[in-house]
Protein chains: 2
Amino acid sequence: MTPTFHDRAESLVQRTGARVTRQRIEVLAILLSARRALTHHEVEDRANRSLGIDRVTVYRVLEWLTAHELAHKIAGEDRVWRFNAAGDEGGRSHAHAHFKCNDCGDVICLDEVRAARDIRLPSGYRSQAVELTVKGLCAECVPARKHS
Amino acid sequence: MTPTFHDRAESLVQRTGARVTRQRIEVLAILLSARRALTHHEVEDRANRSLGIDRVTVYRVLEWLTAHELAHKIAGEDRVWRFNAAGDEGGRSHAHAHFKCNDCGDVICLDEVRAARDIRLPSGYRSQAVELTVKGLCAECVPARKHS
DNA sequence: GGCCTTAATGCAACAGAGTTGCGTGCAAGC
DNA sequence: GCTTGCACGCAACTCTGTTGCATTAAGGCC
Ligand SMILES: [Mn+2]
Ligand SMILES: [Mn+2]
Ligand SMILES: [Zn+2]
Ligand SMILES: [Zn+2]
């Protein structure tokens with residue numbers, strides 16, 4: 001939400017060649033400023049409170065950002081999409097792994113971890129992408145062990 | 001749905017020590033007879049049409065089967081759970097990978113494929129499970145290439 | 001077999017995430 | 001500035017799954 005994120009967002013939206021709207025800039029800035037993947041609800045909270053952006057618009061903008069590879073979305077077990085601004089990898093396919101905390105639900109990208117691509121499939125099957133998700137406890141949710 | 005599946009289902013339910021109900025047997029038999037993971041809707045269709053089992057009961061039975069490790073469930077991108085009878089691996093943790101067809105949505109277990117467990121996480125993070133999903137096209141959905 | 005206890009079922013109402021339809025507004029091209 | 005059509009806002013909707021509660025039936029006991 002600092003000017004920096006807003007400016008980066010604006011230039012990224014401009015680069016697509018499509019319409020540069022306040023809503024697209026703002027939602028992308030929110031994603032850029034987050035260090036973890038945000039649910040629609042979290043984005044809406046911030047976008048609606050500060051700028052009155054409608055929840056349906058948030059859904060549509062998130063989808064638009066994903067389609068234009070300015071963001072990517074992650075399916076969770078809680079049946080909620082989480083969105084992350086695309087990293088500096090630019091538009092390249094979303095090939096990295098993810099971590100999801102079993103306690104607080106936070107999701108982060110493990111940008112350096114890639115899934116093996118050479119997986120044996122039944123005959124006739126064709127692989128297009130491999131998704132790897134590590135589940136566990138994030139640093140905040142790991143119980144303290146200092147005095148145990 | 002053949003007697004064999006029904007009988008196997010009945011003995012598996014009995015083995016848990018909990019109540020052996022028609023609904024539990026029938027739903028498990030349906031899962032056992034399927035070669036791919038079934039959505040709640042698919043199970044309900046078969047269970048409701050043939051035996052009039054209520055949809056809420058189907059939800060509860062599927063959850064119960066999962067809790068007792070007679071089935072396991074897979075989260076999909078379409079916000080729909082898919083259920084599979086647990087393989088002969090018995091109650092052992094659901095450690096294998098899955099394949100999901102991007103075209104028809106079918107999900108199958110890749111029983112022999114396991115995800116690497118030694119993944120580097122940010123400091124303080126703890127891993128509890130690793131999920132691996134291959135996406136692509138199943139044999140039925142791969143476009144025919146014979147005459148190309 | 002019949003009785004009792006309690007877990008499981010059936011039904012209706014509810015909840016949350018996401019979608020659709022349509023009238024209005026505003027970005028961008030001229 | 002004026003026009004055009006994409007995007008927005010709002011309301012109504014769909015779909016998957018959940019909860020509350022009265023009723024049924026599994027299984028232990030005699
Ligand atoms: Mn990611
Ligand atoms: Mn499986
Ligand atoms: Zn956490
Ligand atoms: Zn397929």
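Sequence lines set the chain letters: A, B, ... in the order given, protein chains first and strands last, and positions in each chain run from 1.
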Against the side chain of B:R24, the closest entry in C:dA8, D:dG17, C:dA17 is C:dA8

From CZ of A:R55 across to P of C:dT19 the rounded distance in Å is 10 Å

A:W81 atom CH2 is separated from D:dC15 atom P, nearest whole Å, by 18 Å

| said: Over all strands shown, is A:V80 touching base, sugar-phosphate only, or nothing at heavy-atom distances under 4.0 angstrom? | reply: sugar-phosphate

Please walk me through it: do B:L137 and A:Q128 pass side chain to side chain contact (heavy atoms under 4.5 Å, CB included)? CA-CA 7 Å; B:L137 299 176; A:Q128 293 178 330; 3.7 Å; yes

Winner on side-chain proximity to A:R22, out of C:dG10, D:dC8, D:dG9, is D:dG9

Checking C:dG18, D:dA26, C:dC26 against the side chain of B:T21 (C-beta onward), the nearest is D:dA26

Considering only heavy side-chain atoms of B:V56, the closest of D:dA26, D:dT19, D:dG9 is D:dT19

Looking only at C:dA8, C:dG10, D:dG17, the nucleotide nearest the B:Y59 side chain is D:dG17

To the nearest angstrom, the CZ-C1' distance between A:R82 and C:dG16 comes to 14 Å

From CG of B:L62 across to C1' of C:dT9 the rounded distance in Å is 14 Å

Taking the inter-plane angle between the rings of B:H40 and B:Y59 on a 0 to 90° scale, is it parallel (under 30°), tilted (30 to 60°) or perpendicular (over 60°)?
parallel

Side-chain contact check for A:A18: nearest option of D:dA7, C:dG18, C:dA7 is D:dA7

Review point. Should the heavy atoms of other residues, nucleotides or ligands under 6.0 Å from CD of B:Q14 be counted, would the total exceed 12?
Key: yes

Here the distance between atom C1' of D:dT14 and atom CG of B:D78, to the nearest Å, is 15 Å

Atom CD1 of A:I25 and atom P of C:dA28 are separated, to the nearest Å, by 9 Å

- Query: So what does A:H40 touch, heavy atoms closer than 4.0 Å: a base, only the sugar-phosphate, or nothing?
  - Reply: sugar-phosphate

Comparing nearest nucleotides in DNA chain C, the 5'-proximal residue of the pair B:I53, B:R19 is B:R19

note: A:D54, atom CG; C:dT24, atom P; distance rounded to Å ~ 16 Å

Against the side chain of B:R79, the closest entry in C:dG21, D:dA7, C:dA17 is C:dA17

Practice item. Apply side chain to side chain contact (heavy atoms under 4.5 Å, CB included) to B:E26 and B:H6, showing your working. Key: CA-CA 7 Å; B:E26 193 59 32; B:H6 189 280; 3.7 Å; yes

B:E26 atom CD is separated from D:dA25 atom C1', nearest whole Å, by 17 Å

Indicate whether OP1 or OP2 belonging to C:dC26 is found under 4.0 Å from a side-chain N or O atom of A:Q23.
no

Is the closest basic N to carboxylate O distance between B:E42 and B:R36 below 4.0 Å? yes

Closest to the 5' end of DNA chain D, once A:G52 and B:R60 are matched to their nearest nucleotides, is A:G52

